[in-house]
Amino acid sequence: MGADVCFATTEDLLEYFKDHTEIDFDTETEGFDPYTCKLLSAQFGDAKNQYVVDCNTISMQEFKGLLENPNICWNMQNAKFDLKFLYHQRIVPKKIFDTFLAERVLTTGLFRARKALDFLVHKYCGQTMDKTVRGNIHREGLSKRVIIYAATDVAYLGEIKRKQIAKLTEQNLLKAMQLDNLYVKVLAYIEYSGFKLDRDLWIKKMEKDYANLDKAHTALNDWIINSEFKEYIDTQLDLFSEDLKCRINWSSSKQVVEFFKKLGVDTQIKDSKTGGFKDSVDAKVIKPQKDLSPIIPIYLQYKGYEKVVSTYGNSFLKAINPVSGRIHTQFTQIMDTGRLSCGGKNRSTKEEYINFQNIPATPEDREEDMVYARDCFIPEEGYNFIVADYAGQEQIVLANQSLDKDILEFYDKELGDMHSFIASKIYPEIGDDLNQIKKNHKNKRQIAKSAGFAINYGGNGITIADNLSISQEEGEEVYESYFRAFPGLKNHFAKAKQGVLNTGYVEFNTLTKRKSYIDFFDEYKKLEKRIREYGFWDRYRAGKANDTHEFRTELRPLVKDFFKYQGMMERKSLNYPVQGTSAEITKLAGVYLFNHLEEQGQLFDTWLPNVVHDELLVECKEEYAEELAKVVKDCMEKAGARYYTRVPLKADPYIGKDWCH
DNA sequence: ATCTGTAGCGCC
DNA sequence: AAAGGGCGCTACAGAT
């Protein structure tokens, strides 16, 4: 671009933008962490003029009024990043349009739009951005070419936004986009808040985990050394040692498979990728065979400790921020179902981020003297946690979406135990006294529980049979009776399946109309076209009968792929609306809560350390806790009611010093 | 030494 | 014809 660089004062900038209702905004920083890295520049712009503020000489406080002006929408690419640096200056913009999030909303399911702006500049403006200057910002300061580079980052945002809004309108996605543009402020705040880890307790936990792992490891090796499996004993003694050694690396599933087969364990499972069989020492495969040999339970124990030692170990300590003393992780805001994900690694800085969404839940029956991972997450001195999750969030969303008469009855009459209720519907002969079923028909209740779970995720009779280790026929029978019992659900699911096959996307709900697009839909349609060609099935049958080359190499794989894709789409069509709408409800609850904190002046005094799909975690001063817990409950239920009123979503916050669940 | 794919498993 | 949804991390195994 024919750039013309000239000097301007803070007053010039404020004067220029005073009547703007939208401003393109970006920052350059020393790095990714607002606690340890400085803000270098801030760029304010529109299509005509861009201002580059040197943050070394000018305080961002000069622009606080502008940035917090409620009439201005800030157009940003990946706003979460810049927001954290603004939060660090206690500046909270009111309205955001994030071109990165808009792109993800437009292309959910297809591919994951990246955070770099150059892709969108190319896609929407046909321009190529020169990113080579970026690396020099730190070294050469605000030189002319750096100024031009920095200004370029905000020159295109307005144009991208307008073109995105046209597409969002066309695809009926404006509301989904609005929700995520509201939520990005919340998610930035969650990352900025961080989560306090008790370092000493975590070290104690690691020591105990290591000791347990070591004990299990020794037990495994001793078992081998004292066994008949001489081929796994290393007899080549070390010069100064008389110890025999076990040759098996217990962390290698390949080696353990080999040994377990010799032990007589059935390691065969179906490979869903190839359709053939493969060997596995997955816990769910070998656990049912644990009575075969005492080494199997020891191995399972070893695997458990290996997991907590490796995944939930030293990386957590390394992640503690030297300035805040807390762990600040990174979330991704829009995955294929609109859910968040968490964790990751920065490719350039090698920084590793902790996944806050899969930290082991503390078991009900705590072992004496054990330290569990969640025990180590604590509130600051004088603060409390408020832990709030939705009760049966996905189940209730499904009830509202399917409006199945009998499922509604369960909620209307507050019958209590869902699994017993389903059992009573599948097996009418056991009556409808749910307490009695829970006590006297444990097996049928277990079948109902497992079936309900599988079916909600698109499973079928065979899945149920696999899960319960019952015959295929029995599994099919459970599947059939489930849908006989809930015809409304059956009808709802049939419509969902038809929908995705017709359109190539799954629409989550009627409020936001958020969609997840099927990335292999074109391929599916091509296969479908071939299969629908006149005479295809005659050729298929003839080929199959004669086992022809064409059948093996062309016809069979084609049909196989066709049905594989169709099955995948159908299962997504059942699950995504439930999972995705639940994610939206949790996001909206977060927005309501954030707005409350902002209005009450409680931001930076009350923290949001984590969010896990259906759960919000708040950290506030002890004296706020009682009242704020009510607000949290209210925000969550209000968010639920924005989507569904037929069966209300409920939340019940817990106040305490621990992250219990 | 570094990368990629897979198995296995943690959470909802 | 296949046969439960969504994620991310760690170890191994095999490759470069």
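Below, all heavy atoms of this structure are taken into account, side chains as well, without hydrogens, waters or symmetry copies. Just so we're on the same page: letters track the sequence lines, and every chain starts at 1.
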*Give the B/S/- string for nucleotides 11-16 of chain C, one per nucleotide from 5' to 3', where a protein heavy atom under 4.0 Å of the base yields B, of only the sugar-phosphate yields S, and otherwise -.*
SSSS--
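Only at 4.0 angstrom or more do the heavy atoms of residues 509-539 of chain A sit from any atom of DNA chain C, so none qualifies. Within residues 565-582 of chain A, no residue places a heavy atom under 4.0 Å from DNA chain B. Remark: nothing in residues 496-507 of chain A comes within less than 4.0 Å of DNA chain B through any heavy atom.
Contacts of A:Y517 classified as ring pair (Phe, Tyr, Trp, His ring centres under 6.0 Å), with partners at least two apart in sequence or in another chain: A:Y505. Every residue meeting the side chain to side chain contact (heavy atoms under 4.5 Å, CB included) condition with A:D417, not counting sequence neighbours, appears here in chain and number order: A:H419, A:S420, A:K438, A:R445. Evaluation of the side-chain hydrogen bond (donor to acceptor under 3.5 Å, both in side chains) rule for A:T267 yields A:D279 as partners, not counting sequence neighbours. Partners of A:N321 by side-chain hydrogen bond (donor to acceptor under 3.5 Å, both in side chains), not counting sequence neighbours, listed by chain and number: A:D33. Looking at residues two or more places apart in sequence or on another chain, you find a side chain to side chain contact (heavy atoms under 4.5 Å, CB included) between A:F520 and A:I518, A:Y565, A:M568, A:M569, A:K572. In this structure, the ring pair (Phe, Tyr, Trp, His ring centres under 6.0 Å) partners of A:F356, at least two apart in sequence or on a different chain, are A:F195. Checked against ring pair (Phe, Tyr, Trp, His ring centres under 6.0 Å), A:F277 has no partners two or more places apart in sequence or in another chain.
Comparing A:S450 and A:E352 by the nucleotide of DNA chain C whose heavy atom lies nearest to each, the residue mapping closer to the 5' end is A:S450. Nearest-nucleotide positions on DNA chain B for A:K303 and A:H613 put A:K303 closer to the 5' end. Residue-to-nucleotide proximity on DNA chain B shows that, of A:K307 and A:K350, the 5′-proximal contact is made by A:K350.
In this structure, a donor-acceptor pair under 3.5 Å is present between the side chains of A:Y644 and A:Q401. Looking only at atom types and distance, the side chain of A:Y534 has no donor-acceptor partner in the side chain of A:D538 under 3.5 Å away. In summary, the side chains of A:W659 and A:D375 do not present any donor paired with an acceptor at a separation below 3.5 Å, with no hydrogens or angles considered.
Residue A:I359 is classed as a sugar-phosphate contact, given heavy-atom separations below 4.0 Å to backbone atoms only. Among the atoms of the strands shown, base atoms are found under 4.0 Å from some heavy atom of A:N460. At the heavy-atom level, A:A283 lies under 4.0 Å from the strands shown only through sugar-phosphate atoms. Among the protein residues, A:G304 comes within range of no part of the nucleic acid, since none of its heavy atoms lies under 4.0 Å from any strand.
Computed from coordinates, the A:L340 CG to C:dC7 C1' distance equals 11 Å when rounded to whole Å. When rounded to the nearest whole Å, the span between CZ of A:F331 and P of B:dC11 equals 16 Å. Protein atom CD of A:Q301 is 14 Å distant from nucleotide atom P of B:dC9, rounded to whole Å. Nucleotide C:dC7 holds its C1' atom 19 Å from the OH atom of A:Y353, rounded to whole Å. In this entry the distance linking CZ of A:F453 with P of C:dG6 reads 13 Å, nearest Å. Nucleotide B:dG8 holds its P atom 14 Å from the OH atom of A:Y302, rounded to whole Å. With rounding to whole Å, A:I396 atom CD1 is found 17 Å from B:dC12 atom P. Atom pair A:L558:CG and C:dA2:P shows a separation of 12 Å (rounding to whole Å applied).
Checking B:dC9, C:dG8, C:dG5 against every side-chain atom of A:Y457, the shortest atom distance belongs to C:dG5. Nearest to the side-chain atoms of A:S280 among the listed nucleotides B:dG8, C:dA2, B:dG10 stands B:dG8. Checking C:dG5, C:dA1, C:dT10 against the side-chain heavy atoms of A:T311 singles out C:dT10 as nearest. With B:dC9, B:dA7, C:dT10 as the candidates, the nucleotide lying closest to the side chain of A:K278 is B:dA7.
Between A:E619 and A:R326 the shortest side-chain heavy-atom distance falls below 4.5 Å.
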*Does the pair A:T586 and A:D614 meet the rule for a side chain to side chain donor-acceptor pair (under 3.5 Å), with working shown?*
CA-CA 6 Å; A:T586 306; A:D614 68 342; over 6 Å; no
Check: residues 543-552 of chain A side-chain donor-acceptor pairs under 3.5 Å, at least two apart:
unit_1 : atom_1 : unit_2 : atom_2 : d
A:N546 : ND2    : A:A542 : O      : 3.2
A:D547 : OD2    : A:R552 : NH1    : 3.4
A:T548 : OG1    : A:F551 : N      : 3.1
A:E550 : OE2    : A:R539 : NH2    : 2.8
A:R552 : NH1    : A:D547 : O      : 2.9

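In this model, no side-chain donor or acceptor of A:D282 finds a partner on the base of B:dA7 within 3.5 Å. Remark: the A:N358 side chain and the B:dG10 base include a donor-acceptor N/O pair separated by less than 3.5 Å.
For the P atoms, the distance from C:dA3 to B:dT6 is 16 Å, rounded to whole Å.
A donor-acceptor contact shorter than 3.5 Å is absent between the side chain of A:W202 and the backbone of A:N314. A:Q333 contributes a side-chain N or O that, together with a main-chain N or O of A:D180, makes up a donor-acceptor pair within less than 3.5 Å.
Each of A:Y302, A:Y210, A:Y305 was checked for a ring-ring contact (aromatic ring centres under 6.0 Å, His included) with A:H217, and the lone residue meeting it is A:Y302.
Phosphate contact (OP1/OP2 of C:dA2, side-chain N/O of A:K270, threshold under 4.0 Å): absent.
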